Every structure is written in structure tokens, then in C-alpha cells.
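Notes to accompany the following structure.
Since the structure is predicted, the reported quantities are computational estimates derived from the model, not experimental observations. Naming convention: chains lettered A, B, ... in sequence-line order (proteins, then strands); numbering from 1 in each chain. All heavy atoms count here, side chains included; hydrogens, waters and symmetry mates do not.
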Amino acid sequence: MSRFFVTTPIFYVNAKPHLGHAFTTILADAMTRFHRLMGDEAFFLTGTDEHGDKIAKASDEAGQSPKEYADQISGLFRALGPMLGAKPDHFIRTTDPEHIKTVQKVLQKVYEAGDIYFGEYGGHYCFGCERFYTEKELVDGMCPDHKTRPEYIAEKNYFFRMSKYQAWLIEHINQNPDFIRPARYRNEVLSLLESGALEDLCISRPKSRLTWGIELPFDQDFVCYVWFDALLNYVSALNYPRGEKFKKFWPANHIVAKDILKPHAVFWPTMLKAAGLAPYQSLNVHGYWLVRDTKMSKSLGNVVEPKQMVDAYGTSAFRYFLLREMAFGSDASFTEEALVGRLNADLANDLGNLFNRVLSMTHKYFEGKVPSPTAETEEDAELKRLGRDAMRNFQGHFAEFRTARALESLWELVRALNKYIDTSAPWTLFKNKDKARLGTVMYMLLEHMRKIAVHLWPVMPEASVKMLEQLGCCFDLDKVNLAKEPEVWGLLDSGLAVLQTSNLFPRVEVPEPAPPAALEVETPKAPAAEPKKKAPPKAPEGPVGPADSIEFADFQKLDLRVGTVLSAAKHPDADKLLVVQVALGDPEPRQIVAGLADRFSPEDLVGKQVVVVANLAPRKLRGIQSQGMILVAKDAEVTRLLTAAGTVDDGGKVA
RNA sequence: GGCGAGGUAGCUCAGUCGGUCAGAGCAUGCGGCUCAUAUCCGCAGUGUCGGGGGUUCAAUUCCCUCCCUCGCUACCA
């Protein structure tokens with residue numbers, strides 16, 4: 001059994017969790033679950049970074065102590081995981097006493113080894129630009145912008161002799177292609193290292209300026225500054241140096257966003273080297289989430305609240321979207337429309353509908369029991385090959401953090417199953433009483449669906465468990481061996497009782513596009529996020545779930561009217577559809593194509609008054625324009641037309 | 001300014017160590033099925049693979065140059 005240790009960065013407690021934090025957490029959780037399914041022992045670490053000026057300042061303004069302030073924000077980050085369906089194994093805080101002890105231990109060790117020295121930190125500071133300039137940047141000793149002579153500001157501080165390990169680091173990166181990935185960031189780091197001499201890293205601040213930090217063990221007048229504190233969380237969380245966890249799980253697989261590439265790709269490995277520790281295993285760098293192609297920022301008022309998305313669409317759809325949409329290493333764009341697009345196209349139409357149709361057929365043809373397969377055809381073998389390849393590709397990509405491509409691969413199987421249904425036409429087999437073949441076809445589908453459900457556990461744990469339950473299975477991590485799934489066949493037991501219907505991913509209306517960014521600045525409180533959707537994908541199973549409440553304004557959007565059916569006829573190209581003309585009080589009758597042919601004959605409708613949704617967007621149904629919808633009431637047994645208790649003028653409003 | 005990444009169908013992107021590589025999904029149009037969640041399946045597209053030049057029998061894929069976009073270059077998490 002191999003081991004897998006994955007980390008998110010520790011999040012700085014100067015702001016609330018946002019989409020970026022959510023994504024990193026979800027990715028780490030998905031990788032953890034994936035490795036557990038593959039049979040590895042995994043450990044997932046996250047936490048908060050709590051020292052530094054910004055926190056000292058912010059807490060001051062809030063009238064709190066830094067610790068109180070940090071406690072509060074850290075709590076928000078601690079709650080992030082559960083909200084997203086993510087389960088970190090440990091949540092570390094840089095204010096934890098154990099962490100502080102570890103930092104001091106490592107500092108002392110590196111200090112004694114001679115790699116920390118006391119020196120002067122300073123530079124040519126231009127007050128106009130509010131920045132330091134290097135000698136090289138100055139033009140004749142003047143600021144290139146202001147043409148003034150910058151002031152030299154100096155401060156004594158401790159430095160880490162990072163430059164000493166530059167050659168070693170270049171060599172290590174060259175020797176280990178997966179040390180930093182994707183390759184673009186590896187190249188970026190290499191060019192950074194090779195372009196110029198690495199400077200030493202300033203790791204302290206005098207207490208006269210900053211007290212909110214970890215005191216240097218070898219000089220009480222200074223606190224540790226930033227990276228020597230923050231980065232060491234990755235080992236202090238494992239109780240370095242003596243902890244069992246450290247011995248078991250180090251080296252780490254880090255996940256970071258591209259903004260903290262340099263500290264993780266340069267500072268951290270050299271720090272480990274200087275402290276006599278093995279380098280981490282891999283650094284996995286992802287891009288930013290943009291909102292409508294713009295960087296997310298509070299000042300623009302376009303910050304996406306993970307909680308709102310989860311509340312509106314559920315953790316499964318949210319996780320699926322993030323992991324499916326962002327190509328590893330690249331930026332991606334978050335919009336609610338895109339999320340809903342994925343939810344409808346991939347989850348509702350392709351996957352959810354697949355489950356629903358297959359479960360329904362299993363009930364119609366086999367009393368809801370998984371049938372036993374018999375002889376397989378070439379077509380079946382072909383499908384299995386495709387499935388095997390899809391699963392192998394999924395696993396290969398997922399293991400290397402390419403979740404988008406992994407899911408793309410898996411969906412090739414989902415689509416193939418829908419296609420297999422079409423070509424093998426179970427309803428025809430049923431009509432022809434070919435039970436043997438029908439059983440094989442259904443088993444092919446059900447067993448593949450089980451495999452898909454298992455593969456999706458890392459991405460959508462909640463939905464995956466439901467899918468398996470619908471197939472009559474119960475999820476047991478210890479019994480799954482994902483690595484073998486592409487090769488083995490027949491793990492789904494015949495005779496299992498499956499659910500009759502599946503409502504995993506109900507379709508959702510496309511939200512109205514958010515107002516332009518300029519408007520959002522004006523009204524930062526009320527951005528698009530208002531989800532006027534229907535049921536979140538919470539509904540466990542069965543046909544009816546409790547409906548979510550809507551606002552009266554939402555109801556008012558419906559234009560419900562009473563009208564008399566003038567004529568009705570079978571749709572020429574559809575079995576279930578009727579083409580109905582309804583008088584709604586307008587000069588022209590309204591043409592509505594209704595899916596009622598299986599329950600009503602045209603004669604049943606003509607002359608009746610019905611209730612119509614009059615402002616439904618027109619749509620062609622099998623080639624014929626439909627301008628509305630006829631309402632019915634139905635239970636498990638019967639379907640009745642919805643109508644008024646007495647006669648009403650055509651066009652009468654329902655309110 | 002320096003360094004880096006990228007500019008491929010309406011949209012989001014794959015892809016090519018130079019030769020069936022011009023692709024996928026979404027969106028659009030048309031056709032088919034009826035087990036299913038206005039769902040599924042099939043077919044159809046359009047693309048000067050950013051502009052120009054070069055190397056080659058052959059370049060979207062290599063070289064040069066130009067244009068555009070975005071990052072990093074700030075001990076700042």
C-alpha cells in the first residue's frame with residue numbers, strides 16, 4: 001500500500017473564504033478520495049496562516065487581539081471543508097503551540113548549521129513610488145519614474161542562505177519531471193532560477209515593528225517573518241520530527257494556486273534541504289478562477305460565494321463543475337450560467353437521465369431486480385473495451401491532477417451507454433420476448449453504471465453514494481479497488497433490487513446573466529447569485545420531494561390563463577405529442593404541443609377549458625411550434641386536466 | 001524594460017517530436033427513437049489553426065518578425 005499526503009496552502013486569515021479557497025479544498029479532497037479508492041493510505045491537510053502585519057493591523061482596527069481575530073476567521077475556513085463535502089484529516093493553525101515549537105526547532109537547527117545569518121536588509125526607497133529599487137533599476141542613481149534620488153533605508157535582520165542551494169534545486173527539478181507540474185510552471189521556475197543569482201531570504205522582523213509572530217529562538221528581539229513560519233506547517237502538522245505521521249506520510253503533494261508558486265517552488269525546497277529534510281514529492285499548480293473573464297475582487301463586487309452556489313445547486317454539482325471546468329494549470333472562468341450548463345448537459349441529461357431510464361426499464365422488464373447476463377455479443381465486447389479505456393484514462397489523468405480531462409474521459413463511457421441503449425433497443429427485445437438478450441443488455445448497462453458511480457466518488461461523494469444505493473449497492477470504501485475496476489467484470493450481483501426512478505440531477509433553469517460588472521459595483525450586496533431555481537439536487541430518491549419555496553414575485557412571473565381547446569390532433573411525427581389549438585381570448589388561437597397523447601385522445605380535449613402557461617418561451621417540438629403548456633394534475637395512477645370549477649371567459653387569468 | 005504563457009470552429013478548449021490533424025463538448029439546424037429528467041441517438045456544418053516572411057517534397061505543427069491578450073518581474077499573503 002502506498003501513501004499519499006496532500007495539502008492545500010494554509011489560508012491567510014485576512015479575508016473570508018472565496019471560490020479559490022473552495023476550489024483548492026475540493027481538489028485536495030478529491031485527490032485524497034481518489035487515492036483511498038485506489039487503495040492508498042491518504043492524509044489531507046489544510047489550515048490557516050495567522051501571523052503578520054496585516055493581521056495585527058486588521059485586528060487592531062476591529063478592536064480585537066490578533067488571536068481573537070484569527071480565531072474568528074480561522075473558524076470560517078474550518079467550516080469550509082464540511083460545507084463542500086470535503087473532509088480534511090487535520091486542520092492546522094500557525095498559532096498552534098505545536099506548530100510554533102516546530103518552527104523554532106527548525107530555525108534553531110538551520111541557524112546552528114550556519115544557514116541563517118544576521119545582516120542588513122535595505123535598499124533604495126523612492127517615496128514617490130512607495131517601493132524599493134535595486135541598483136540595476138536606478139538610472140544614474142535616480143528613480144526612473146520620478147528622477148529623484150531614492151533614500152537608502154536599512155534595517156538589521158536575519159537571512160536564510162537560500163542562494164547556497166540554488167544549484168542543488170536546479171538539479172533536483174531537472175531530475176524530477178513531476179516535481180513541479182504542469183510543465184509550464186516547472187519551466188517558469190527553472191528560468192527564474194537560471195536567469196539570475198538567487199538572493200538570500202529575509203526571514204525576520206524586529207519586534208519594534210512587529211510582535212505578532214513567532215519569536216526567533218536565537219534572538220528574542222525578532223519574530224519570524226512569513227515563509228519560515230507558514231511553509232513549515234506542512235511538516236509541523238505531521239508532528240515533525242518525531243511524529244509517526246511524519247514518518248509515514250512525508251513527502252507531501254502540495255496544491256497551490258499560481259500566485260504562490262515562487263515560495264513553494266524555490267523557498268520551500270531549499271528550506272527543507274537546509275533543515276536536512278527530504279524534498280516534497282510534487283507541487284501541483286492551478287490557475288485562477290475568473291468571473292466573467294475578470295479577476296475576482298471585492299472592490300469589483302464580483303466575488304462568488306461558494307456557500308450560495310452550494311445552497312443553490314448542491315455540493316455534487318458544484319464540485320463537478322469546478323473539477324470539470326478548470327484545465328489543470330490554466331485559468332478558468334466561473335459563471336452561474338456555465339455551472340447550470342454543465343449541470344443540465346452533463347449531469348441531468350447525460351448521467352442522471354441514463355440512471356433514470358435504465359432503472360425504469362429494469363423495473364418494467366425485470367421487476368426491479370438486476371438480471372443475470374447470458375452470452376455476450378461483439379457489440380457488448382466493444383462496449384466493454386470502450387469502458388475499460390475510459391476508466392483507465394480517467395485514472396491516469398486523475399492521478400496527475402488533470403481532473404477535467406479525467407471527467408471528459410469518463411463521460412465517453414456515459415455517452416456510449418446512452419448510445420448502447422439506442423442501438424440495442426431494450427423495448428424491442430422486450431416486445432419480442434427475448435429475455436435472455438434483454439437481461440444481458442440490462443446487465444451491461446447496470447454494471448457499467450456501477451463502475452461510473454464508483455469512479456465519481458472522489459468528485460461527487462454524495463451523488464456517488466446515492467447512485468450506488470439506487471443500484472442496490474452500498475458504498476464501502478474498504479471493498480472498492482478502483483485500480484482493478486477497468487479489468488474486472490460482474491461485481492454487481494444479479495438479483496439486487498434497484499430503485500424505480502432516479503432524480504439525482506434535476507434539470508435547472510438557466511439563470512439570467514448577471515448584470516455587468518459596472519452595475520455590481522453599485523450594488524455589491526445584491527449580485528446575480530439570487531438563485532431562483534427549483535429543487536436543489538438534494539431530492540434523495542422517488543418521484544416526489546418537498547418543493548422549495550419561491551417568492552411571490554417568482555410566482556407572478558407565470559402568466560397562467562384559462563382557454564378552450566378548439567381542436568386537437570396527433571402530432572404527425574410523435575407518439576406522445578398532441579398538437580392543440582387553444583382559444584385564449586386572442587384573435588388567433590394558441591398552438592400548443594402537449595405531451596399528453598399517451599393519456600388523452602384528441603376527443604378528450606376538444607371543447608374543454610384548460611389552464612395554460614401562456615408566457616412559456618415558444619419552442620419547436622419535433623418540428624411543430626409550441627407556444628405554451630397545458631397544465632394537468634396527476635398522481636401515480638391518473639392524469640387529469642387542470643380546469644376551472646365553472647366556466648370562465650377564455651383568456652381568464654389564474655391568480 | 002526584462003522573463004514567461006497564450007492567440008485553433010459562435011462559445012470553452014483538445015491536438016500535432018512536420019505528412020488521413022483540422023478535432024471534442026456546448027450552442028445552432030435537420031432527421032431518428034420512445035426506456036427516460038422538454039431527456040437520448042444520428043447527420044450537417046462554417047474554421048486563411050493571430051498577421052507576414054523563411055526552411056522543407058510537405059508546416060497549424062520548426063525558425064524569424066510583427067500584432068494582440070494575460071501573468072511574473074514588487075520579502076506582498
Side-chain angles (χ1 to χ4, degrees), chain A residues 9-15 49-55 121 123 129-134 136-137 144 157 159-160 184-185 187-192 194-196 199-205 225-227 230 258-263 267 287-288 290 293 295 324-325 327 329-333 338 341-342 344-365 404-405 408 411-412 415 417-423 425-428 430 442 445 501-508 543 573-577 593 595 598 616 619-623 626 629:
Chain A
I10 45 174
F11 305 123
Y12 202 51
V13 293
N14 65 337
D49 181 12
E50 308 182 5
H51 292 127
D53 319 279
K54 282 193 184 171
I55 305 309
Y121 159 72
C129 306
E130 292 185 340
R131 60 164 284 196
F132 285 100
Y133 280 97
T134 62
K136 270 189 294 184
E137 286 172 316
N157 262 311
F159 288 81
F160 165 51
R184 50 197 297 195
Y185 295 109
N187 296 339
E188 205 170 304
V189 171
L190 277 173
S191 74
L192 183 106
E194 281 159 357
S195 69
E199 291 187 14
D200 289 341
L201 187 67
C202 178
I203 59 161
S204 71
R205 283 290 183 273
Y225 194 60
V226 185
W227 295 110
K258 62 184 184 181
D259 56 339
I260 45 176
L261 174 63
K262 190 175 172 184
F267 304 172
Y288 286 143
L290 310 175
D293 302 326
K295 200 168 165 176
R324 173 65 185 82
E325 195 77 2
S330 305
D331 291 350
S333 165
R342 285 274 175 218
N344 283 339
D346 297 359
L347 297 181
N349 294 354
D350 289 350
L351 182 62
N353 183 49
L354 171 69
F355 266 73
N356 199 34
R357 65 199 299 212
V358 172
L359 295 184
S360 162
M361 284 191 281
T362 307
H363 269 264
K364 280 203 170 104
Y365 307 148
R405 297 187 63 181
E408 211 176 332
W411 249 251
E412 286 175 22
R415 291 197 196 91
L417 293 182
N418 275 321
K419 181 170 180 174
Y420 178 81
I421 295 176
D422 250 45
T423 50
W427 45 91
T428 306
F430 181 69
M442 295 307 298
L445 291 164
T501 57
S502 169
N503 195 23
L504 288 166
F505 305 106
R507 281 184 62 90
V508 163
D573 298 318
D575 299 342
K576 278 190 189 170
L577 300 181
V593 180
D598 53 343
L616 196 63
R619 190 194 158 98
K620 269 193 178 179
L621 292 180
R622 292 200 58 75
S626 178
M629 176 174 170

At 4.0 Å (heavy atoms only), tell me whether Gly352(A) reaches a base, stays on the sugar-phosphate, or touches nothing. base
Taking only the C1' atom of each, what is the distance from G19(B) to U56(B) in whole angstrom? 11 Å
Between Tyr12(A) (side chain) and His51(A) (backbone), is there a donor-acceptor pair under 3.5 Å? yes
Applying a 4.0 Å non-hydrogen cut-off, can you work out what Tyr365(A) is touching in the nucleic acid: base, sugar-phosphate, or nothing? sugar-phosphate
Under 4.0 Å, counting only non-hydrogen atoms across every strand here, what does Asp350(A) touch: a base, just sugar-phosphate, or nothing? sugar-phosphate
Would you find more than 12 non-hydrogen atoms of other residues, nucleotides or ligands less than 6.0 Å from Lys258(A) atom NZ? yes
Could you please name the option among A14(B), U37(B), A77(B) that lies closest to any side-chain atom of Asn353(A)? U37(B)
Hey, does Ile203(A) have a side-chain heavy atom less than 4.5 Å from the side chain of Phe159(A)? no
Distance, rounded to the nearest Å, where Arg507(A) contributes CZ and A36(B) contributes P: 17 Å
Would you kindly give the CH2-to-C1' distance between Trp427(A) and C35(B), to the nearest whole Å? 6 Å
Atom-to-atom span, CZ of Arg405(A) to C1' of G25(B) - whole angstrom: 14 Å
Under the 3.5 angstrom rule, does the side chain of Asn418(A) hit a backbone N or O of Asp350(A) as a donor-acceptor pair? yes
Phosphate contact (C11(B) OP1 or OP2) by Arg342(A) side-chain N/O below 4.0 Å: no
Ignoring hydrogens and angles, are the base of A36(B) and the side chain of Asn356(A) linked by a donor-acceptor pair under 3.5 Å? no
Stem list, RNA chain B (Watson-Crick or G-U pairing under 3.5 Å, at least 3 consecutive pairs): B:1-7 with B:67-73, B:10-13 with B:23-26, B:28-32 with B:40-44, B:50-54 with B:62-66
Report the distance from atom NZ of Lys258(A) to atom C1' of C72(B), rounded to the nearest whole Å. 10 Å
Closest to side chain of Ala327(A), choosing from C75(B), A77(B), A14(B): A14(B)
Which value, in whole Å, describes the distance between the P atoms of nucleotides C41(B) and U46(B)? 22 Å
Asp422(A) side chain, from C-beta outward: closest of G25(B), C41(B), A77(B): C41(B)
Distance check needed: C35(B) C1' versus Lys419(A) NZ, whole Å only. 18 Å
Could you tell me how far A58(B) sits from A22(B) if I compare only their C1' atoms? Round to whole Å. 16 Å
Picking from C40(B), G25(B), C75(B), which would you name as closest to the side chain of Tyr225(A)? C75(B)
Verdict with reasoning, Asn356(A) to Thr501(A), per side-chain hydrogen bond (donor to acceptor under 3.5 Å, both in side chains): CA-CA 5 Å; Asn356(A) 199 34; Thr501(A) 57; 4.8 Å; no
When the P atoms of G29(B) and C21(B) are considered, how many whole Å apart are they? 31 Å
Asn349(A) side-chain proximity, nearest of C40(B), U37(B), C35(B): C40(B)
Minimum-distance pair of heavy atoms, taken over all atoms of Pro263(A) and Trp227(A): CG-CZ2, 3.3 Å
On a whole-Å scale, what distance lies between the C1' atoms belonging to U8(B) and U16(B)? 12 Å
How close do Arg324(A) and Ala404(A) get, counting heavy atoms only, and between which atoms? O-CB, 3.3 Å
Whole-Å distance, Glu325(A) CD to A24(B) C1', equals 14 Å
Looking only at side-chain N and O atoms, does Lys262(A) come under 4.0 Å of OP1 or OP2 in C75(B)? no
If you take all heavy atoms of Pro426(A) and Tyr365(A), which pair is closest and at what distance? CB-CE1, 3.9 Å
First encountered from the 5' end of RNA chain B, between Arg324(A) and Ala348(A): Arg324(A)
Take atom C1' in U20(B) and the same atom in U61(B), then report the distance between them in whole Å. 16 Å
Between P of C72(B) and CG of Asp331(A), the distance in whole Å: 10 Å
Using atom CZ of Phe430(A) as one end and atom P of C33(B) as the other, report the distance to the nearest whole Å. 21 Å
For C13(B) versus A5(B), give the span between their C1' atoms, rounded off to a whole number of Å. 16 Å
Flag, side chain of Asp49(A) to backbone of Ile10(A), donor-acceptor distance under 3.5 Å: no
Measuring only the C1' atom in each nucleotide, how far is U12(B) from G6(B)? A whole number of Å is fine. 15 Å
